[in-house]
Every structure is written in C-alpha cells, then in structure tokens.
Amino acid sequence: MMENAVPPSPFPRVVEYVIDADDLVLQTGADWAEVAVDNDAPELREIRGIDLFSAISDANLGELWRMILASVRRTQEGQTFDLRCDAPSLRRFIELDVRPDENGGVRFSSRETRVEVREPIPLLDRRAERNDSLLLVCAWCARVQATTWVPIEDAVARLMLFEQQLLPRISHGICPDCFAKTMP
C-alpha cells in the first residue's frame, strides 16, 4: 500500500440509487443522504424524481451512459466499473456496479476501494469562487483536459490555475482512453 494511502473502511458504505425505465431516480439507499452531506453536497440529499441525464452535461458522457443503460437493460446483465471520485485532499477510487432492476429499472451501487491523501487541490473545492471558463474532468479517471489529458495535479500546474484570480468551473466528461475501454 502506498504510504499516503488510507485503507477503506472495513465496513465501507455502499451508496445506491435506482432509476426507473424512464431514467428517473426512483429511490436512494440508506447511506445516500449521509454521503451527500459528507461530500459537501447537501443539495443532493434528496434526488428522487430527478432525470439521471439532467445531471450529465457532457454529450459524450451522456451518450456513454445511454449505451451502458441500454446494454444492461437488453442483456439483463450487470456491469462493473472502476471510477475516481476525488475530493480536494483525497483521491477516491470507487467500484460502481450497474445492475438491472425490476420493470426496466437499473440499480447503481458504489463503494470505495481505496483512498489516498494528497495536498489539497483548491480546484476541487465546491465552495471556491469560479470564473466563466470550463475545465473538463474525466468522470472515470479524474484526468483533466489540458491540451492532452493529464492528472489533475499536472493540469493545475500546466494551466497555471493558481495564478488566476478565479478558478474555472468543472464539467465532467470522459477522456478518449476511458471511453474506449468502457464501451459496452
């Protein structure tokens, strides 16, 4: 284990939600609200009735999720993905399980598999003041599009983000490498 790695809890929280056949959030698991608050997103405590795709702004990422959901529904077989869900001072590695549910629904279940502590990255602080420019971050691997796709720490230096008065807004997309290996 890396020296800055923090082992996941021996009883990791499983964060779940279920969408119906129309891609509306039908229900959330017991830990959902607690995880939303712990991750500085209290506005996400209650998401029932929200269209899953209203939360995905990147066209490529939206199209990939449409293909994944279509495949899960058509084959009635689940798929598992390794993702990143970073916080300002943590690299969080997540295993996301996507399974068919009753009546054309789909169940999403995620758990942390590894957590690494790092120097805080203000760019990932949801409370930071932002300018109108957008920075695309891969929702799968957390790399940033900075001419090429690079780790977020490298992007901060390459784009001289600390020299800017305000940080750019973050939009989640998917890099070509993750898109290619995730295609259902």
Inset, instruction - List in chain and number order the residues that pass salt bridge (charged side-chain N to carboxylate O under 4.0 Å, His left out) with Glu102, two or more places apart in sequence or in another chain; answer none if no residue qualifies. - result: none
Legend entry - With Arg66 via salt bridge (charged side-chain N to carboxylate O under 4.0 Å, His left out) - residues at least two apart: none
Inset, instruction - List in chain and number order the residues that pass side chain to side chain donor-acceptor pair (under 3.5 Å) with Glu46, two or more places apart in sequence or in another chain; answer none if no residue qualifies. - result: Arg48
For the residue pair [X] and [Y], establish whether any side-chain heavy-atom pair is separated by less than 4.5 Å.
X      : Y      : value
Ser109 : Leu96  : no
Leu167 : Leu161 : yes
Val117 : Leu90  : yes
Ile152 : Leu124 : yes
Trp140 : Cys175 : no

For [X], I'd like to know if atom [atom1] has over 12 heavy atoms of other residues, nucleotides or ligands within 6.0 Å.
X      : atom1 : answer
Glu129 : CD    : no
Arg126 : CZ    : yes
Glu119 : CD    : no

Work out which heavy atom in [X] is nearest to a heavy atom in [Y]; give both atom names and the distance.
X      : Y      : value
Asn60  : Phe179 : O-CE1, 3.9 Å
Ile94  : Ser110 : CG2-CB, 3.6 Å
Ile47  : Leu44  : CG2-O, 3.4 Å
Leu135 : Leu123 : CD2-CD2, 3.5 Å
Leu61  : Gly173 : CD2-O, 3.9 Å
Ile68  : Thr182 : CD1-CG2, 4.0 Å

Do [X] and [Y] share a hydrophobic cluster (ILVMFWY, side-chain heavy atoms under 4.5 Å, transitive)?
X      : Y      : answer
Leu136 : Trp65  : no
Ile19  : Val98  : yes
Val72  : Leu24  : no
Val137 : Ile121 : yes
Leu134 : Leu159 : no

Legend entry - Cationic tip of Arg84 above Phe93 ring, under 6.0 Å, 45° of axis: yes
Inset, instruction - Evaluate side-chain hydrogen bond (donor to acceptor under 3.5 Å, both in side chains) for Thr80 paired with Glu95, printing each intermediate quantity in order. - result: CA-CA 7 Å; Thr80 302; Glu95 181 181 82; 5.8 Å; no
Inset, instruction - Any pair with a residue in residues 155-168 that passes side-chain hydrogen bond (donor to acceptor under 3.5 Å, both in side chains), sequence neighbours left out, goes on the list, sorted by first then second residue, please. - result: Thr148-Arg158
Legend entry - Residue pairs, two or more places apart or on separate chains, that pass side-chain hydrogen bond (donor to acceptor under 3.5 Å, both in side chains) and touch residues 166-179: Ser57-Ser171, Arg143-Asp177
Inset, instruction - Can you sort out the partners of Arg127 under side chain to side chain contact (heavy atoms under 4.5 Å, CB included), two or more places apart, ordered by chain and number? - result: Asp40, Asp125
Legend entry - Identified side-chain hydrogen bond (donor to acceptor under 3.5 Å, both in side chains) counterpart of Asp86 within the set Arg118, Arg91, Arg92: Arg118
Inset, instruction - Might you work through the side-chain contact (heavy atoms from CB on, under 4.5 Å) test for Leu52 and Phe108, ending with a clear yes or no? - result: CA-CA 11 Å; Leu52 176 69; Phe108 296 81; 4.2 Å; yes
Inset, instruction - Please confirm whether the backbone N or O of Met67 pairs with a side-chain atom of Ser71, one donor and one acceptor, at under 3.5 Å? - result: no
Legend entry - Short side-chain to backbone donor-acceptor contact, Arg73 and Ala70, under 3.5 Å: no
Legend entry - Atom pair CZ (Arg111) and CG (Asp31), whose distance is rounded to the nearest 0.5 Å: 14.0 Å
Legend entry - Nearest-0.5 Å distance, CG of residue Asp101 to OH of residue Tyr17: 13.0 Å
Inset, instruction - Give the intermediate values and the outcome of side-chain contact (heavy atoms from CB on, under 4.5 Å) for residues Ile170 and Arg130. - result: CA-CA 9 Å; Ile170 292 177; Arg130 306 291 173 162; 4.2 Å; yes
Inset, instruction - Using a strict 4.0 Å threshold on nitrogen-to-oxygen distance, state whether Arg114 and Glu112 make a salt bridge. - result: no
